[in-house]
Amino acid sequence: MSKRSEATEQEHVVSWCLHREWKYPDLKWIHHCPNGGSRQVKEAARLKAQGVKRGVPDLNLPIPKGVYTGLYIEMKYNTGSIEPEQKEWIKAMKAAGHFACVCYGYDYAVKVIEEYVSLLPGAEMSMENGIVLKDRKRGKEVVL
């Protein structure tokens, strides 16, 4: 069994989505854009030339729901910190009409996704847009 990490939490979220497409068909479109990670210099330069950008949130659901034009989630785990570029993306996506947030772990991400895909036209999420959902033992929830 793998040690828990941001990557394993995200894998579990994506698996949850896959197993619930029957209930929420829009989950078919959730995806990860691999903009992070370590790469060799030549590969990093090639990807940057193709449009890779620092800070892009980990998960995107480009389907309008409620009052939002899409969903962006930056995944974190344990004590992972939010980089300045990630904060900038969350704020920009929020300003563009998306629901954008940071989720520390699987439970928060699933909660956000399930509420988002269940929104009726004109409805808003129960949590503030731009929120950082984090275990209160590790720090308080804040809005970016």
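Position 1 is the first residue of the sequence, and the numbers go up from there.
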Discussion item. Which heavy atom of Ala109 sits nearest to which heavy atom of Val13, and what is that distance?
Written reply: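 Closest approach of Ala109 to Val13: CB-CG2, 3.7 Å.
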Item to complete: Grab the two heavy atoms, one from Val67 and one from Gly122, that are nearest each other, plus how far apart they are.
Response: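 So the two residues come closest at CG1-O, 3.2 Å.
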Worksheet item: With distance as the sole test, does Tyr68 use its side chain to make a donor-acceptor pair with the main-chain N or O of Lys94 at under 3.5 Å?
Response: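 Pair absent, no side-chain N/O of Tyr68 close to backbone of Lys94.
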Worksheet item: Okay, side chain of His19, backbone of Cys17: is any donor-acceptor separation there less than 3.5 Å?
Response: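 No; judged by distance alone, with no hydrogens or angles, the pair does not exist.
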[X]: what forms a side-chain hydrogen bond (donor to acceptor under 3.5 Å, both in side chains) with it, not counting sequence neighbours?
X	answer
Thr8	none
Glu114	Tyr24
Tyr106	none

Would you give the length of the straight line joining atom [atom1] of [X] to atom [atom2] of [Y], rounded to the nearest 0.5 angstrom?
X	Y	atom1	atom2	answer
Cys101	Met125	SG	CE	6.5 Å
Leu133	Lys76	CG	NZ	14.0 Å
Asp107	Trp16	CG	CH2	11.5 Å
Ile82	Lys87	CD1	NZ	6.0 Å
Leu27	Leu61	CG	CG	6.5 Å
Met75	Glu9	CE	CD	6.0 Å

Worksheet item: What pairs with Pro25 under side chain to side chain contact (heavy atoms under 4.5 Å, CB included), at least two apart in sequence or on another chain?
Response: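 Result, side chain to side chain contact (heavy atoms under 4.5 Å, CB included) vs Pro25: none returned.
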Worksheet item: Among all residues two or more places apart in sequence or in another chain, which pass the side chain to side chain contact (heavy atoms under 4.5 Å, CB included) test with Glu83?
Response: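 Here the qualifying residues are Ser81, Glu85, Gln86.
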Item to complete: Take Val132 and Tyr104 through the side-chain contact (heavy atoms from CB on, under 4.5 Å) test and state the conclusion after the steps.
Response: CA-CA 8 Å; Val132 176; Tyr104 276 79; 3.7 Å; yes
Any non-hydrogen side-chain atom of [X] less than 4.5 Å from a side-chain atom of [Y]?
X	Y	value
His31	Leu59	no
Val112	Met127	yes
Leu71	Asn60	no
Glu6	Glu74	yes

Practice prompt. Please work out whether the ring planes of Tyr72 and Trp89 are parallel, tilted or perpendicular, with thresholds of 30° and 60°.
Written response: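 Answer is tilted, since the angle falls between 30° and 60°.
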Item to complete: List the steps, then state whether side-chain contact (heavy atoms from CB on, under 4.5 Å) holds for His32 with Val14.
Response: CA-CA 9 Å; His32 168 67; Val14 171; 5.8 Å; no
Item to complete: Return each pair, listed once, that meets side-chain hydrogen bond (donor to acceptor under 3.5 Å, both in side chains) where at least one residue sits in residues 115-124; pairs must be two or more places apart or across chains.
Response: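 Sorted pair list: Glu115-Ser126.
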Fill in: Working for side-chain contact (heavy atoms from CB on, under 4.5 Å), residues Ile73 and Asp58
CA-CA 6 Å; Ile73 297 176; Asp58 294 306; over 6 Å; no
